[in-house]
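Position 1 is the first residue of the sequence, and the numbers go up from there.
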Amino acid sequence: MDREIDMKKVSDGRFYSLRDMVKADCGGCRDCSDCCRGMGSSIVLDPYDGFRLTTGLNLSFEQLLEEKVELNVVEGIVLPNMKMTGIKEQCGFLNSNGRCEIHMFRPGICRIFPLGRYYENGGFQYFIQIHECRKEPKTKVKVQKWIDTPDAKRNEAFINEWHYFLKSLSRRLKHTEEENFQKSLSMYLLKNFYLKPYEKERDFYVQFQERMIEAKKL
């Protein structure tokens, strides 16, 4: 969820919003797929990523967990992330030509790269990760266009709510020594927000809020 970083070392020192122009366009990533390799467990999936992948690929989340997705502990909570496999430690959806096979359904972290999110004071802003992408030259593009996500404002509101919801649960876990609570909490989140199928034809954000009403009673 969070990484302790020195913004002066990893960014250009500026923060960006959806309407801002930022030098992030990699020209279609021609002949480059470095960011699809060696990412460890860092591409953590949120519920909207789960919705896009399962409905876009017509697969259950259980099927994704068989090969393409794995589970890891993030700040005390078990969450899914894209799995890196093989000698080159690459995403399972990267084909032999180095192209993403799920570009239309790719996770949010992939969509914003080489941008990152900086969370502060109950919200977040975008920043450019100046050392993470070797592809040059980069050209300026509006942040909203680069992210390529419908209903961008609603998506930002969802990302914000999910992030701070997980943070509040993580803080609770730090103050309890009940191992069973940690396990049951993680299992509940996985079942309620990932494994439980989403309806493809229904608005995701409405479905998410329905699930959050119950989850906030935890």
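In this structure, Lys68 contributes its side chain and Leu65 its backbone to no donor-acceptor pair below 3.5 Å. Of the possible donor and acceptor atoms, none in the side chain of Gln90 sits under 3.5 Å from a partner among the backbone N and O of Gly38. A donor-acceptor pair is defined here as one N or O able to donate and one able to accept, closer than 3.5 Å; no such pair exists between the side chain of Thr176 and the backbone of Leu173. Formation of a donor-acceptor pair under 3.5 Å by the Tyr164 side chain with backbone atoms of Gly123 is found in this model. Thr149 contributes a side-chain N or O that, together with a main-chain N or O of Ile147, makes up a donor-acceptor pair within less than 3.5 Å. A donor-acceptor pair under 3.5 Å is absent between the side-chain atoms of Asp46 and the main chain of Ile159, judged by distance alone. Counting only distance, with no hydrogens or angles, the side chain of Glu136 and the backbone of Lys138 share a donor-acceptor pair below 3.5 Å. The main-chain N or O of His103 is found under 3.5 Å from a side-chain atom of Arg106 such that the two form a donor-acceptor pair. Judged by distance alone, with hydrogens and angles left aside, the side-chain atoms of Asp203 form a donor-acceptor pair with the main-chain N or O of Val206 at under 3.5 Å.
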Q | Asp25 vs Lys135, salt bridge (charged side-chain N to carboxylate O under 4.0 Å, His left out): CA-CA, chis, key distance, verdict | A | CA-CA 9 Å; Asp25 193 328; Lys135 184 65 176 175; over 6 Å; no

Q: Kindly determine whether Met7 and Tyr118 satisfy side chain to side chain contact (heavy atoms under 4.5 Å, CB included), including the steps that lead there.
A: CA-CA 9 Å; Met7 293 300 293; Tyr118 183 79; 3.7 Å; yes

Q.
Before you tell me yes or no, could you show the steps for Asn155 and Tyr205 under side-chain hydrogen bond (donor to acceptor under 3.5 Å, both in side chains), namely the whole-Å CA-CA distance, both residues' side-chain angles and the distance that decides it to 0.1 Å?
A. CA-CA 8 Å; Asn155 183 251; Tyr205 302 108; 3.2 Å; yes

Q.
Show, in sequence, the C-alpha distance, side-chain angles and deciding distance for Val10 and Ile130, and conclude whether the side chain to side chain contact (heavy atoms under 4.5 Å, CB included) test is met.
A. CA-CA 6 Å; Val10 301; Ile130 57 176; 5.6 Å; no

Q: Could you give me the CA-CA distance, side-chain angles and deciding distance for Leu79 and Val73, then say whether side chain to side chain contact (heavy atoms under 4.5 Å, CB included) is met?
A: CA-CA 6 Å; Leu79 293 171; Val73 178; over 6 Å; no

Q: Apply the test side chain to side chain contact (heavy atoms under 4.5 Å, CB included) to residues Ser17 and Gln125: give CA-CA distance (whole Å), side-chain angles for both, the deciding distance (0.1 Å), then the verdict.
A: CA-CA 6 Å; Ser17 65; Gln125 294 174 290; over 6 Å; no

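Ile109 and Phe105 fall within the same hydrophobic cluster, where Ile, Leu, Val, Met, Phe, Trp and Tyr residues are linked whenever their side-chain heavy atoms come under 4.5 Å apart, directly or through other members. Linking Ile, Leu, Val, Met, Phe, Trp and Tyr whenever their side-chain heavy atoms come within less than 4.5 Å puts Met104 and Tyr198 in one cluster. Residues Tyr119 and Phe113 fall into different hydrophobic clusters, defined by Ile, Leu, Val, Met, Phe, Trp and Tyr side chains chained together at heavy-atom separations under 4.5 Å. In the hydrophobic clustering of this structure, Leu115 groups with Leu45; members are Ile, Leu, Val, Met, Phe, Trp, Tyr whose side-chain heavy atoms approach within less than 4.5 Å, directly or through other members. Cluster membership for Tyr16 and Trp146, using ILVMFWY side-chain heavy atoms within less than 4.5 angstrom, is shared.
Of all heavy-atom pairs between Thr54 and Ser60, the closest is CG2-C, 4.0 Å. The two residues Ala152 and Leu18 make their nearest non-hydrogen contact at CB-CD1, 3.8 Å. Between Gln207 and Phe51, the shortest heavy-atom contact is NE2-CE1, 4.2 Å. The shortest heavy-atom contact between Ile128 and Ala24 is CD1-CB, 4.2 Å. For the residue pair Gly98 and Ser33, the shortest heavy atom distance occurs at O-CB, 3.4 Å. In this structure, Ile102 and Leu53 approach most closely via the heavy-atom pair CD1-CD2, 3.7 Å.
Expressed to the nearest 0.5 Å, how far CZ of Arg171 lies from CG of Leu166 amounts to 11.0 Å. Note that OG of Ser41 and CE of Met39 are 10.0 Å apart. Values are rounded to the nearest 0.5 Å.
Note on residues 205-218: pairs passing salt bridge (Lys or Arg N to Asp or Glu O under 4.0 Å), not counting sequence neighbours, are Glu161-Lys216, Arg202-Glu210, Glu214-Lys217.
Between Phe193 and Phe208, the two ring planes are tilted [angle within 30° to 60°]. Ring geometry, Trp162 versus Phe165: the interplanar angle falls from 30° to 60°, so the pair is classed tilted. Relative ring orientation between Phe15 and Phe127 is described as perpendicular, the plane-to-plane angle rising above 60° on a 0-90° scale split at 30° and 60°. In this structure, Tyr48 and Phe204 have tilted ring planes: the angle between them lies in the 30° to 60° band.
Not counting sequence neighbours, Tyr188 has no partner by the ring-ring contact (aromatic ring centres under 6.0 Å, His included) test. Remark: Met187 pairs with Lys191 by the side-chain contact (heavy atoms from CB on, under 4.5 Å) rule, at least two apart or across chains.
The side-chain heavy atoms of Tyr126 and Glu156, taken from C-beta on, include a pair separated by under 4.5 Å. Side-chain contact between Glu70 and Pro80 is absent, with no heavy atoms from C-beta onward closer than 4.5 Å. In this structure, the side chains of Gln129 and Ser11 stay at 4.5 Å or more apart for every pair of heavy atoms. Contact annotation: the side chain of Leu189 never approaches that of Val78 to less than 4.5 Å [non-hydrogen atoms, C-beta and beyond]. Looking at heavy atoms from C-beta onward, Asn72 lies out of side-chain contact with Val44 at the 4.5 angstrom threshold. Using a 4.5 Å cut-off on side-chain heavy atoms (C-beta onward), Cys110 and Ile43 make contact. Contact annotation: the side chain of Lys140 never approaches that of Val22 to less than 4.5 Å [non-hydrogen atoms, C-beta and beyond]. No side-chain heavy atom of Cys36 sits less than 4.5 Å from a side-chain heavy atom of Phe93.
Under 4.0 Å is where a charged nitrogen must lie from a carboxylate oxygen, and between Arg99 and Glu101 no such pair does. The existence of a salt bridge linking Lys174 and Glu75 is excluded, since no basic side-chain nitrogen approaches an acidic carboxylate oxygen closer than 4.0 Å.
Put simply, the residue from Arg111, Lys142, Arg52 that forms a salt bridge (Lys or Arg N to Asp or Glu O under 4.0 Å) with Asp148 is Arg111.
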